[in-house]
Novice: 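This is the structure I have questions about; it appears just below.
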There are 2 protein chains.
Amino acid sequence: MEQKKDNTEEKILNAAREVFVHKGMDGARMQEIANEAGINKALLHYYFRSKEKLFDAIFSKVIEFAFPGFANIISEETDFVTRLGKFIDAYFEMLLTHPFLPGFIIKELNRDPSGLFKLIAKYGFNPDFVLKEIEQAMDRGEIKRMDPRHLVINVISMCVFPFAVRPILNYLIFKDDQMAMSAFLGERPEVIKKFVIDSVAIKQ
Amino acid sequence: MEQKKDNTEEKILNAAREVFVHKGMDGARMQEIANEAGINKALLHYYFRSKEKLFDAIFSKVIEFAFPGFANIISEETDFVTRLGKFIDAYFEMLLTHPFLPGFIIKELNRDPSGLFKLIAKYGFNPDFVLKEIEQAMDRGEIKRMDPRHLVINVISMCVFPFAVRPILNYLIFKDDQMAMSAFLGERPEVIKKFVIDSVAIKQ
DNA sequence: GTCTATATCATGATAGAC
DNA sequence: GTCTATCATGATATAGAC
């Protein structure tokens, strides 16, 4: 029974994640989640009392996954450029295996940001130490001086944005050639690293 | 009567744009649009036969507005860096006056991209000439050689992404200080220009 | 053109048998 | 725990009076 329950709950969570990530809270239907999980609607409400509770369960898992411990890379004891490169690589690995997360998070963020705020508060995530690390690298003369907030946002933007507008890129640039787009996205980590480093490097 | 009709249709379109942009197709309610326009639901259906038709009318106007003639800036007869700067300035002016468009477009793009594809086809928009212009600038030695597709996406990403994740920035970095965030976004055009130029400039 | 009233339908949620 | 059947609500859409 325990076994059965865990199994069903897992099936529901997987199905719900699939549907919610692609359709969003507003667009998702409990019927579709039930179908995807191979059960009926009533059982959904038995495990999770309401659509909102089910959504919250999924959303927190997704956020936990997408706002990850990459931050610890920033704290490593190497030069800043090395840490930046490792961060971009790690972030891209996540994005390439979960390309729909950016669109989903942006959608829900603009619908109702309160859920995300609660999670940020709960996990105590704070970007200040990242900004501190960047400033220290500037103090040490490893990179050019600039507002570290802009630097962080520039890097995250170049990593995440292409995934958020994937369908446009697919249509407008790659004419529905999935292989071409995958190859393009796969080479972006190196491109971004070079682009950023060329910009912030101290010229000799 | 003509006057009356135009006036009402305009009120509907304004109300619908407001509601659709903030809530999206799935989240918007015809009742809310009617309230916002100061009329009743039945009149909405008199002017636009269905919610979908009303949405399409709004969506095409928004796309027409957000995928604008900035492209002609790229064709001007000046050096590439100047044109790039003018493009970023023009694009940011649009974004600052319509900060919710990126979130809206990303949401609808991931819900159903077919509408956007039809519009792109209808207006015959094609990014190839932009890529050509960039390649010519590289041939002339104005900027470093790199894949022009990556360069375009880098620039657009850094411009648009912060608006798409506005609520996070607001909460995580600016602690709900709207003035601070506005000031930050206002200085981004210059920051991005410098960031890009420092990266692609030919070193002497 | 604009309104009130209503039809129609889809969806989230519950009741109750097994 | 899982199912079938059903409720209750809210949404789009239409009918028809003015």
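A, B, ... follow the sequence lines: proteins, then strands. Residue 1 opens every chain. Any value given below was found using the heavy atoms of this structure, including those in side chains, with hydrogens, waters and symmetry copies removed. These numbers were taken from a predicted model, which means no experiment stands behind them.
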Novice: Which whole-number value in Å describes the distance from E10(B) CD to dG1(C) P?
Specialist: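 Atom-to-atom, E10(B) to dG1(C), this comes out as 15 Å.
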Novice: If the cut-off is 4.0 Å, is S50(B) near the phosphate of dT12(D), judged by side-chain N/O to OP1 or OP2?
Specialist: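 No, outside the criterion.
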Novice: E32(A) has an atom CD; how far is it from atom P of dT11(C), in whole Å?
Specialist: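 Checked: the CD to P distance equals 10 Å.
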Novice: Quickly work out the K53(B) NZ to dT12(D) P distance and round it to whole Å.
Specialist: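 Nearest whole value for this atom pair: 15 Å.
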Novice: Between Y46(B) and dA13(D), is there a contact of a side-chain N or O with OP1 or OP2 at under 4.0 Å?
Specialist: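 No, because none of the side-chain N or O atoms of Y46(B) sits under 4.0 Å from OP1 or OP2 of dA13(D).
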Novice: What pairs with Y123(B) under side-chain hydrogen bond (donor to acceptor under 3.5 Å, both in side chains), at least two apart in sequence or on another chain?
Specialist: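 If we apply the side-chain hydrogen bond (donor to acceptor under 3.5 Å, both in side chains) test to Y123(B), skipping adjacent residues, the hits are E64(B).
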Novice: Should we count CD of E93(B) as having more than 12 external heavy atoms under 6.0 Å?
Specialist: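 Result for CD/E93(B): open.
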Novice: What pairs with R83(B) under salt bridge (Lys or Arg N to Asp or Glu O under 4.0 Å), at least two apart in sequence or on another chain?
Specialist: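 R83(B): salt bridge (Lys or Arg N to Asp or Glu O under 4.0 Å) contacts with E133(B).
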Novice: Between K118(B) (side chain) and P113(B) (backbone), is there a donor-acceptor pair under 3.5 Å?
Specialist: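 No.
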Novice: Atom CZ of F55(A) to atom P of dG12(C): distance rounded to whole Å?
Specialist: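 It is 13 Å, rounded to the nearest whole Å.
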Novice: Give the rounded distance in Å between these two atoms: CD1 of I33(B) and C1' of dA11(D).
Specialist: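 I33(B) atom CD1 is separated from dA11(D) atom C1' by 12 Å.
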Novice: How about F184(B) and H150(A): are their ring centres within less than 6.0 Å of each other?
Specialist: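 So the answer is yes for these two rings.
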Novice: Taking only residues two or more places apart in sequence, or in another chain, which ones meet T82(B) in a side-chain hydrogen bond (donor to acceptor under 3.5 Å, both in side chains)?
Specialist: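 side-chain hydrogen bond (donor to acceptor under 3.5 Å, both in side chains) list for T82(B), sorted by chain: D79(B).
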Novice: May I ask you to decide if M94(B)'s main-chain N or O and T97(B)'s side chain share a donor-acceptor pair within less than 3.5 Å?
Specialist: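 Side chain of T97(B) to backbone of M94(B), a donor-acceptor pair under 3.5 Å: yes, one is there.
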Novice: Taking only N/O atoms, report every protein-nucleotides 3-7 of chain D pair under 3.5 Å with atom names and distance.
Specialist:
residue	atom	partner	partner atom	Å
dC3(D)	OP2	N40(A)	ND2	3.2
dC3(D)	O5'	N40(A)	ND2	2.9

Novice: Compute the ring centroids of H22(B) and F104(B), then answer whether they are less than 6.0 Å apart.
Specialist: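 Here the rings of F104(B) and H22(B) have centres that are no less than 6.0 Å from each other.
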Novice: Within the 4.5 Å heavy-atom criterion, are F92(A) and F163(A) side-chain neighbours or not?
Specialist: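 Yes; the side chains approach each other to less than 4.5 Å.
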Novice: Considering only side-chain heavy atoms of R49(B), which listed nucleotide, dG1(D), dT2(C), dT14(D), is closest?
Specialist: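 Looking only at heavy atoms from C-beta outward on R49(B), the closest nucleotide is dT14(D).
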Novice: Is it true that the side chains of E10(A) and N14(A) contain a donor and an acceptor less than 3.5 Å apart?
Specialist: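 No - no donor-acceptor pair under 3.5 Å links their side chains.
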Novice: Among the candidates dT12(D), dG1(C), dT2(D), find the nucleotide nearest to the side-chain atoms of K51(B).
Specialist: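 That would be dT12(D).
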Novice: Let me check the geometry of the helix from dG1(C)-dC18(D) to dC18(C)-dG1(D). What is the bend angle between the axes at its two ends, five pairs each, to 10°?
Specialist: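 That helix has its two terminal axes inclined by roughly 10°.
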Novice: Looking at side-chain heavy atoms only, is the closest gap between I12(B) and L54(B) below 4.5 Å?
Specialist: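 Counting from C-beta outward, I12(B) and L54(B) do come under 4.5 Å.
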Novice: What residues in residues 20-30 of chain B put a non-hydrogen atom under 4.0 Å from any atom of DNA chain D?
Specialist: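 Result for residues 20-30 of chain B: A28(B), R29(B), M30(B), sorted by number.
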Novice: Quick one: which of dT14(D), dT14(C), dT2(C) gets closest to the side chain of H45(B)?
Specialist: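 Out of dT14(D), dT14(C), dT2(C), the nucleotide with an atom closest to H45(B)'s side chain is dT14(D).
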